[in-house]
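Note sheet for the following structure.
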Amino acid sequence: MTVSKGEEFSAGVKATLPLIVGAIPFGIIFGTLAETSGLSAWGAMAMSVIVYAGSSQFIALGLLAAGAAIPVIILTTFVVNLRHLLYAANLVPKVGHLPLRWRMMMAFGLTDETFAAVSNRFLRQASIDTAHWFYLGSFVAMYGNWILCTFVGIVLGEMFPDMTDWGLDFAMSVTFIGMVVPYLTNRPMWGAVIVAGAMAVATAFMPHKLGLIVAAVCGITTGMSLHLLQQRRQTQQQEVE
Amino acid sequence: MQEVYLILGMFLVTFSVRFLLFAVAGRVHFPLWLSQALGFVPPAVLTAIIVPAVLMPEGDIWLSWQNPWLLAALFAFIVALIRKDLMTTIVAGMLAFMLLRFVLGL
């Protein structure tokens, strides 16, 4: 069975549509909060077009509003995006045969949503001949929507400059809560999150929001230690049995 | 000018993280411990942002039933634990916050 490039492309768009719905409020809130956080309308637009990384862009706004230094924001972006290494590691066997320009496009478009859509496609069809067209469809749909929503948000922010008093800053916290909870399926995850949260409060006095990185590293170390302990206990039990 | 540096810097770190493994596709192997540790990154970073934002919304620690940020966050957390659905959590948390802040005037 051969599938044409066009069919793969539109299948990629379709598979990404439900995820786009979830990204719409994100993009709009990002655009709306930009000016009050200290990022110009052009800066917000350029960030969506050039950086294209939802959660990092949000965090950048929060850090700008809190008066963080630019190197700290860039370092935080790096830490937040480390999860993309995992996605890339997962996709490497499917992209190794493609020319460099294709791999560059795919890397630029590697978001949580596109990774979800593409890995689901590979779950159903293992063939890699035309899979990059599926990826392109997913990327174009996600990217176009992100830029459009940023623009809508900026316009809304200009029309209602007092929107920040409406409690939209809480929208970011609540969105992150909804993103963290699905991870909490085992003790190491709970440990990581509890330590990261407590350490973030304990290190809040540190300048330029450096405490964020300290807290995240403490959380990751705790989670990893608990994970290794759990593994050791399991192998010991197996030896006893 | 500051914004240009910010956006270029963010682009460079974002793109290099995403491109690194695609660039050397097939030539390196990822140690297991590293991929396991990376799995803790998103929840740890996000929580380190959420907790101070709701526990110290105006700069100082505000551990009280009068703190609408904290109350609405706890409510959203419980909703998320039960429903595990992002949109439901966002809507429920925002409604709780609006109610506490603008209707009850906390």
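Chain identifiers are assigned alphabetically (A, B, ...) following the order of the sequence lines, protein sequences preceding nucleic acid strands; residue numbering begins at 1 within each chain. What you are looking at is a predicted structure, and each value in this text was computed from that prediction instead of being measured.
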Which portion of Ile90(B) sits near chain A, non-hydrogen atoms under 4.5 angstrom:
both

Sort Trp102(A) into side chain, backbone, both or neither according to what part of it lies under 4.5 angstrom from a heavy atom of chain B.
neither

Using non-hydrogen atoms and a 4.5 Å limit, figure out which bit of Phe176(A) sits close to chain B: side chain, backbone, both or neither.
both

Minimal non-hydrogen separation, Ala192(A) against Phe40(B), with atom names
CB-CD2, 3.7 Å

Which one, Ala198(A), Ala215(A), Gly43(A), Ala204(A), leads in non-hydrogen pairs under 4.5 Å with chain B?
Gly43(A)

Nearest heavy-atom neighbours spanning Ile74(A) and Met10(B):
CG1-N, 4.1 Å

Tell me, with the steps shown, if Val45(B) and Val79(A) meet side-chain contact (heavy atoms from CB on, under 4.5 Å).
CA-CA 8 Å; Val45(B) 174; Val79(A) 174; 3.9 Å; yes

Which atoms of Leu184(A) come close to chain B, meaning under 4.5 Å heavy atom to heavy atom: side chain ones, backbone ones, both, or neither?
side chain

Heavy-atom proximity to chain B below 4.5 Å, by part of Pro188(A)
both

Value for CZ (Arg103(A)) from CG (Leu21(B)), rounded to nearest 0.5 Å, stands at 11.5 Å

Met104(A) CE to Phe19(B) CZ distance, which is reported to the nearest 0.5 Å
5.0 Å

Is chain A contacted by the side chain of Ala96(B), its backbone, both, or neither, given a heavy-atom distance below 4.5 Å?
neither

Using 0.5 Å steps for rounding, measure from the CD1 atom of Ile177(A) to the CD1 atom of Ile78(B).
10.5 Å

Please name the pair of heavy atoms, one in Val17(B) and one in Asn81(A), separated by the smallest distance, quoted to 0.1 Å.
CG1-O, 3.2 Å

Find the one option among Val13(B), Val54(B), Leu81(B) whose heavy-atom pairs under 4.5 Å with chain A are most numerous.
Val13(B)

If you round to the nearest 0.5 Å, how far is OG of Ser173(A) from CG of Leu70(B)?
11.0 Å

Would you mind checking which part of Thr221(A) comes under 4.5 Å of any heavy atom in chain B, side chain (CB onward), backbone (N, CA, C, O), both or neither?
neither

Which atom pair, heavy atoms only, marks the closest approach of Ile7(B) to Ala46(A)?
CD1-CB, 3.9 Å

With heavy-atom distances below 4.5 Å as the criterion, would you say the side chains of Leu100(A) and Phe22(B) are in contact?
no

Under 4.5 Å from any heavy atom of chain B - which part of Met106(A):
both

When the 4.5 angstrom heavy-atom criterion is applied to Leu98(A) and chain B, the contacting part is neither

Find the one option among Gly93(B), Ala44(B), Pro43(B) whose heavy-atom pairs under 4.5 Å with chain A are most numerous.
Pro43(B)

Does Ser40(A) offer a backbone N or O that forms a donor-acceptor pair with the side chain of Glu3(B) under 3.5 Å?
yes

Under 6.0 Å from the CD atom of Gln231(A), do we count more than 12 heavy atoms belonging to anything else shown?
yes

Ring-plane angle category for Phe108(A) and Phe11(B), please: parallel below 30°, perpendicular beyond 60°, tilted otherwise.
tilted

In short, ring-ring contact (aromatic ring centres under 6.0 Å, His included) pairs touching residues 54-89 of chain A with sequence neighbours left out are Phe26(A)-Phe58(A), His84(A)-Tyr87(A), Tyr87(A)-Phe115(A)

Side-chain contact test, heavy atoms from C-beta onward, threshold under 4.5 Å: evaluate it for Leu64(A) versus Leu6(B) and give yes or no.
yes

Distance, nearest 0.5 Å, that separates CD1 of Ile50(A) from CG of Leu8(B)
6.5 Å

For the residue pair Val174(A) and Ala76(B), what are the closest heavy atoms and their distance?
CG2-CB, 3.4 Å

Among the options Ala73(B), Ala53(B), Ala92(B), pick out the one with the most heavy-atom pairs lying under 4.5 Å from chain A.
Ala73(B)

Hey, can you tell me if Phe170(A) and Phe97(B) have their rings parallel, tilted or perpendicular (30° and 60° cut-offs)?
parallel

Looking only at heavy atoms, the pair that brings Arg18(B) and Ala107(A) closest together is CD-O, 3.0 Å

For the CZ atom on Phe122(A), are there more than 12 heavy atoms of other groups (residues, nucleotides or ligands in this structure) within a distance under 6.0 Å?
yes

